[in-house]
Protein chains: 2
Amino acid sequence: MDPQADYPPFAVTVDLVVLTVRADQLSVLLVRRAIPPHRGAWALPGGFVHADEKLADAAARELAEETGLTGPVGHLEQLATYGDPGRDPRGRVVTVAHLALLPDLPTPVAGTDADSAEWQPVDRVRTDRLAFDHARILADGVERARAKLEYTPLATAFCPPEFTVAQLRTVYETVWGTRLDPRNFHRKVTGTPGFVTAVGRATEGDRGRPAQLFRRGLATLLYPPMLRPTTPHGRDLR
Amino acid sequence: MDPQADYPPFAVTVDLVVLTVRADQLSVLLVRRAIPPHRGAWALPGGFVHADEKLADAAARELAEETGLTGPVGHLEQLATYGDPGRDPRGRVVTVAHLALLPDLPTPVAGTDADSAEWQPVDRVRTDRLAFDHARILADGVERARAKLEYTPLATAFCPPEFTVAQLRTVYETVWGTRLDPRNFHRKVTGTPGFVTAVGRATEGDRGRPAQLFRRGLATLLYPPMLRPTTPHGRDLR
DNA sequence: CCTATTTTCGTCTATCCGACGATAAGCATC
DNA sequence: GATGCTTATCGTCGGATAGACGAAAATAGG
C-alpha cells in the first residue's frame, strides 16, 4: 500500500500513563520535553511506533526505556487511542495510549530523549500545561485505574511481589482517595477467591502485630467486586 | 512532519463491531468484501480515516454508510486498536475498532463498497473465515458488550426509545445467553436509580397483561450493577 | 510489666439477591 | 360473559453480603 496514493499517511505513537503509589499519593510519570513541539512542557512518556513493531511491544519498549525496568513488572494494558486532526502540530499523529501500573520502585528515571522525568502526584499535575492532549489521556488513565480496582485484582500491581493486607488497603485508599475499614477490608480481601494467596510468612520489625504476607492470586476478575464505599463513582442522580 | 523521513507511515482505518438483538439472537453486521485483500470473505464494516477527520467521526460516518442511520441512535464507543505488523497484506495498517449497539432496525443494509451486508448471529459466524484479524476484534467487541451490560444501562441501546421491562430482559438474556427470573429482573430494573423511567403509558394488543413503557434513565453507571447469574464471567478458580 | 500500635477474628444489623407464591389485567374461546 | 391462558407486577422468605464496631492477638518501646 502506498499511503501517498490513496489514503492519507499517519504517524502512530504510543503514549504511557504510568501510575504508581508512593508516599500515599497516586503519582504519574511525566517527562519534560526536550524538543519541539511543546518544548519544555511536561508530557506523558511515549514515542513513535517502529516500522515492524507491535503496538504492545512499542509500549513495553517505551516503558522499559523510561523506567529502566526489564522484566515483566506491574501491569500494562492498552488504554485508548487519540487521533484528533489538530492534536499534534507536526501533522496527523494518532497515539495509542497505554496504562501501566507499577509498584513504588526506587527508580532513577533517567531521561533519554527528555530533559528529565519525575513522578508527580496526579492531583497536583498542572493539567493545563501538559503537552498535546495529554491532560485528557491522563484523566482517562486515572479513571480507568480507579474503575479497574473494583473488578480486578490490579491493585496488586501497585504492590511488591509480597505484600500485606494493609499495604493493599493503602493502595485502594490512595487511588480512590477514601478510607476503608481495616477489619472489613481484611475480611473482603481474604474472602474473595483468587484475590491473594498467603505465602505463609509474616512481616517483622514493624510496629504492631506482624502481618501475614500475600502474593497475588490467580483470579483475573474479582467476584464479588470491591465496590467503592459511598457514592460509588458515577452513581448518577435519580 | 514528513512520514517518509523520520518515521514509518501508517494507514489508519476504523472498523465497526455493530451488534443488535434480533430474533432472540445477538447478531453482528458483516459485509462481504468486494475488493482484495480477502475478496469475497466476510469482514467487519470499516474504512480509512479521512485526512481531516476525527476517529469518532470516521466511525460514525462508516456506521451511517452501512446502516443508513443518520440520527444518534443506539450507542457508539471506541473499542480497541489493532496494529500488528502483518495484519493487513497491503502494508502497515492500524485499525481503531469501535463498538456500536443498535436496536433491531428493519435496516435494508445496502452495501456501498461491499457486495452485500447482513446480520449474522454471533455464535454462528465462521470466525475462521473472517478477513484480517476481525475474528479477534469481534470477540473483543462481544465480550465488551456483555461486560458493559452489567455496569451500565447500555442494554437500552438495543431497545427502541420506549420499551417494556420484558423487552429489556430479553436483551440481557440474549446477550448473556442466560435466563433471568422475570420477577427479580423487574424488581432490579425498576429499583436501580436512573436505569429506566416510566413513561406512563402501557402496551396494548399483546398477549397477557399490558406492560408499562419505559425510557432510558439518566444514569451512566448502574448501582448496584446487574450481575450475571451463576459463574459470573471470569470467576476464576480457587 | 504496661502501653501503644497494628493485625486478625467475631458479632450484629440492614440490605440485597435468588427462589417462588400470589395477584392483576389483558386476550381467546366457548 | 364466564372461563382459561398468558404475561406483568407485587410480596414474602431465607441465605449471603457489607458496613459498623467490639475484642483478642501479637509485637515494639518504654
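Chain letters run A, B, ... following the sequence lines, proteins first, then strands; residues in each count from 1.
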If you look at every strand shown and take non-hydrogen atoms under 4.0 Å, does A166(A) touch a base, only sugar-phosphate, or nothing?
-> sugar-phosphate
Do R183(A) and H186(A) have side-chain heavy atoms sitting under 4.5 Å apart?
-> no
Of the listed dT7(C), dT9(D), dA8(D), the closest approach to the V165(B) side chain comes from dT9(D)
Relative to the ring of Y172(A), is the ring of W176(A) parallel (under 30°), tilted (30 to 60°) or perpendicular (over 60°)?
-> perpendicular
For R124(B), all residues meeting salt bridge (Lys or Arg N to Asp or Glu O under 4.0 Å), sequence neighbours excluded | none
With respect to the phosphate group of dT9(D), does any side-chain polar atom (N or O) of H186(B) fall under 4.0 Å of OP1 or OP2?
-> yes
With the sugar-phosphate defined as primed atoms, P, OP1 and OP2, and the base as all remaining atoms, what B/S/- string results for nucleotides 25-30 of chain C, 5' to 3', for protein heavy atoms under 4.0 Å?
-> BSS---
Regarding D15(A) and Y82(A), is there a side-chain donor-to-acceptor distance under 3.5 Å anywhere?
-> no
Side chains of Q25(A) and Q120(A): does their closest heavy-atom pair fall under 4.5 Å?
-> no
Measure the distance from CZ on R179(A) to P on dC21(D) and round it to the nearest whole Å.
-> 16 Å
For the student: nearest non-hydrogen atoms of Q78(A) and R144(A), plus distance = O-NH1, 3.3 Å
When you check the gap from the basic side-chain N to the acidic O, do D57(B) and R61(B) get nearer than 4.0 Å?
-> no
Over how many whole Å does the gap from F185(B) atom CZ to dT7(D) atom C1' extend?
-> 15 Å
Whole-Å distance separating the CG atom of L168(B) from the P atom of dT9(D) = 12 Å
Is there a side chain to side chain contact (heavy atoms under 4.5 Å, CB included) between L130(A) and L138(A) once you walk through the steps?
-> CA-CA 10 Å; L130(A) 284 183; L138(A) 172 59; 4.1 Å; yes
How would nucleotides 10-19 of chain C be written as a contact map, 5' to 3', with B for base contact, S for sugar-phosphate-only contact and - for no contact, using protein heavy atoms under 4.0 Å?
-> BB-----SBB
